[in-house]
2 protein chains.
Amino acid sequence: MTTSRSGGPDQRRGERGDLLDPLCPTRRLLDRIGTKWTSMVVKVLAEHAPGELRFAELRRLAPGISQKMLSVTLQSLARDGLVARRVEPTVPPAVHYRLTALGLSLEEPLAALRGWAETHMPEIDRNNQLAGESSPA
Amino acid sequence: MTTSRSGGPDQRRGERGDLLDPLCPTRRLLDRIGTKWTSMVVKVLAEHAPGELRFAELRRLAPGISQKMLSVTLQSLARDGLVARRVEPTVPPAVHYRLTALGLSLEEPLAALRGWAETHMPEIDRNNQLAGESSPA
DNA sequence: CAGAATCCACGAGGATACTG
DNA sequence: CAGTATCCTCGTGGATTCTG
């Protein structure tokens, strides 16, 4: 996770399908969904699609997330066009979030990855047992 | 990417399929393949499967990667059981890497994610143009 | 050739406090 | 309620140097 989101004009290069470019689309996608909470937020929103969720509801549904990181994550997803924000102009304000069509389309490969993770992470864990990750602390 | 690889015994919790747990398998998988070079290395190895690649070859095929990060990335993948290491006991030594069956199985969802990235990252980039990520530098 | 070791910069993200 | 602002910690990863 080195590539900064605000990182200027160089990111345009990745658009030609050069997958070996460090700025290839896959790398840049992983810079997004690889952040700590993004995949969870997307998943929660996907489970409630096409309905909407409010900020506080998302907080409850993503246990452990800080209010700052939920805010930052949602802003990032909104700027990417993966989620849509709808503000109810009441006081206090009520803000609703939902996945866009683009966001929903991402759910498919993401679900595949989740499936793999649920199936094979235990095996990866076992492999790490066999190798020594014993007690370096 | 907060969760440390060497981080002790807490990672065992994610094994029961609680996807809302911050330590859920998906999050932990993304902690692995989300590191800067892992997905690229896996892809390069996958393209040459079932053949093997040497350290120096991998360096050439993954432009921009430092020798340290290639080493670290390969070690991590080896400990996870996603790649296999074969050392030719010559001098100087020749080390060959290839994806294991487990690693190859990961290639499938990973390829799906790549496909999505190639298709939709341009749209995400356009969305970011519309929103102002103008010139904060 | 294939690394291990060391040093260091930077950015993700947690905790806390404040606001419209 | 739904954020924003600030401070601070710590892990990722780059550069460099040394070794079997």
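Just so it is clear, the model here is predicted, and its values are computed rather than measured. A note on names: the letters A, B, ... follow the listed sequences, proteins ahead of strands, and every chain is numbered from 1.
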Requested in this report: Grab the CD-P distance between A:Glu52 and D:dA2 for me, whole Å please.
Outcome: 12 Å

**Report entry** Closest-nucleotide ordering on DNA chain C, the 5'-leading residue of B:Leu74 and A:Ile65
**Finding:** B:Leu74

Query raised in the report: Taking only N and O in the side chain of A:Tyr97, is any of them less than 4.0 Å away from OP1 or OP2 of D:dC1?
Result: no

**Report entry** Pairing residues for B:Arg59 by the salt bridge (Lys or Arg N to Asp or Glu O under 4.0 Å) criterion, not counting sequence neighbours
**Finding:** none

Report task. For the side chain of A:Met69, starting at C-beta, report the closest nucleotide among C:dG14, D:dG13, C:dG3. Result -> C:dG14

Query - Any side-chain heavy-atom pair of A:Ile124 and B:Leu102 under 4.5 Å - result: yes

Report task. Would you kindly give the CE-to-C1' distance between A:Met40 and C:dA12, to the nearest whole Å? Result -> 16 Å

Query raised in the report: How close or far is atom C1' of C:dA2 from atom CZ of B:Arg86, stated in whole angstroms?
Result: 15 Å

Query raised in the report: Please give, in whole Å, the distance from D:dT12 C1' to B:Arg32 CZ?
Result: 15 Å

Query raised in the report: Among D:dG13, D:dG3, C:dA2, which nucleotide sits nearest the side chain of B:Val95?
Result: C:dA2

Report summary line: Applying salt bridge (Lys or Arg N to Asp or Glu O under 4.0 Å) to B:Glu123 and not counting sequence neighbours gives none

Report task. Grab the CG-P distance between A:Asp31 and C:dG11 for me, whole Å please. Result -> 12 Å

Query raised in the report: Below 4.5 Å, heavy atoms only, C-beta onward: do B:Ser71 and B:Gln75 meet side chain to side chain?
Result: yes

Requested in this report: Please determine if A:Arg54 and A:Glu52 form a salt bridge, counting it only when a charged side-chain N lies under 4.0 Å from a carboxylate O.
Outcome: no

**Report entry** Nearest-angstrom distance from the residue atom CD of B:Glu57 to P of C:dC1
**Finding:** 11 Å

Query raised in the report: When rounded to the nearest 0.5 angstrom, what is the spacing between CG in B:Asn128 and CG in A:Asp80?
Result: 5.0 Å

Query raised in the report: Does a side-chain N or O from B:Arg54 land closer than 4.0 Å to OP1 or OP2 of C:dA2, or not?
Result: yes

Every protein N/O lying under 3.5 Å from an N/O of nucleotides 4-9 of chain D:
unit_1	atom_1	unit_2	atom_2	d
D:dT4	OP1	A:Gln75	NE2	3.4
D:dT4	OP2	A:Ser71	OG	2.9
D:dT4	OP2	A:Gln75	NE2	2.5
D:dT4	O4	A:Gln67	OE1	3.0
D:dT4	O4	A:Gln67	NE2	2.4

Query raised in the report: Between B:Leu70 (CG) and C:dC1 (P), how many Å, whole number?
Result: 14 Å

Query raised in the report: Is it true that B:Arg114 and B:Glu118 make a salt bridge, defined as a side-chain N closer than 4.0 Å to a carboxylate O?
Result: no

Report summary line: Note: for B:Pro92 and B:Ser66 on DNA chain D, the residue whose nearest nucleotide lies more 5' is B:Ser66

Query raised in the report: A:Arg59 has an atom CZ; how far is it from atom P of C:dG13, in whole Å?
Result: 16 Å

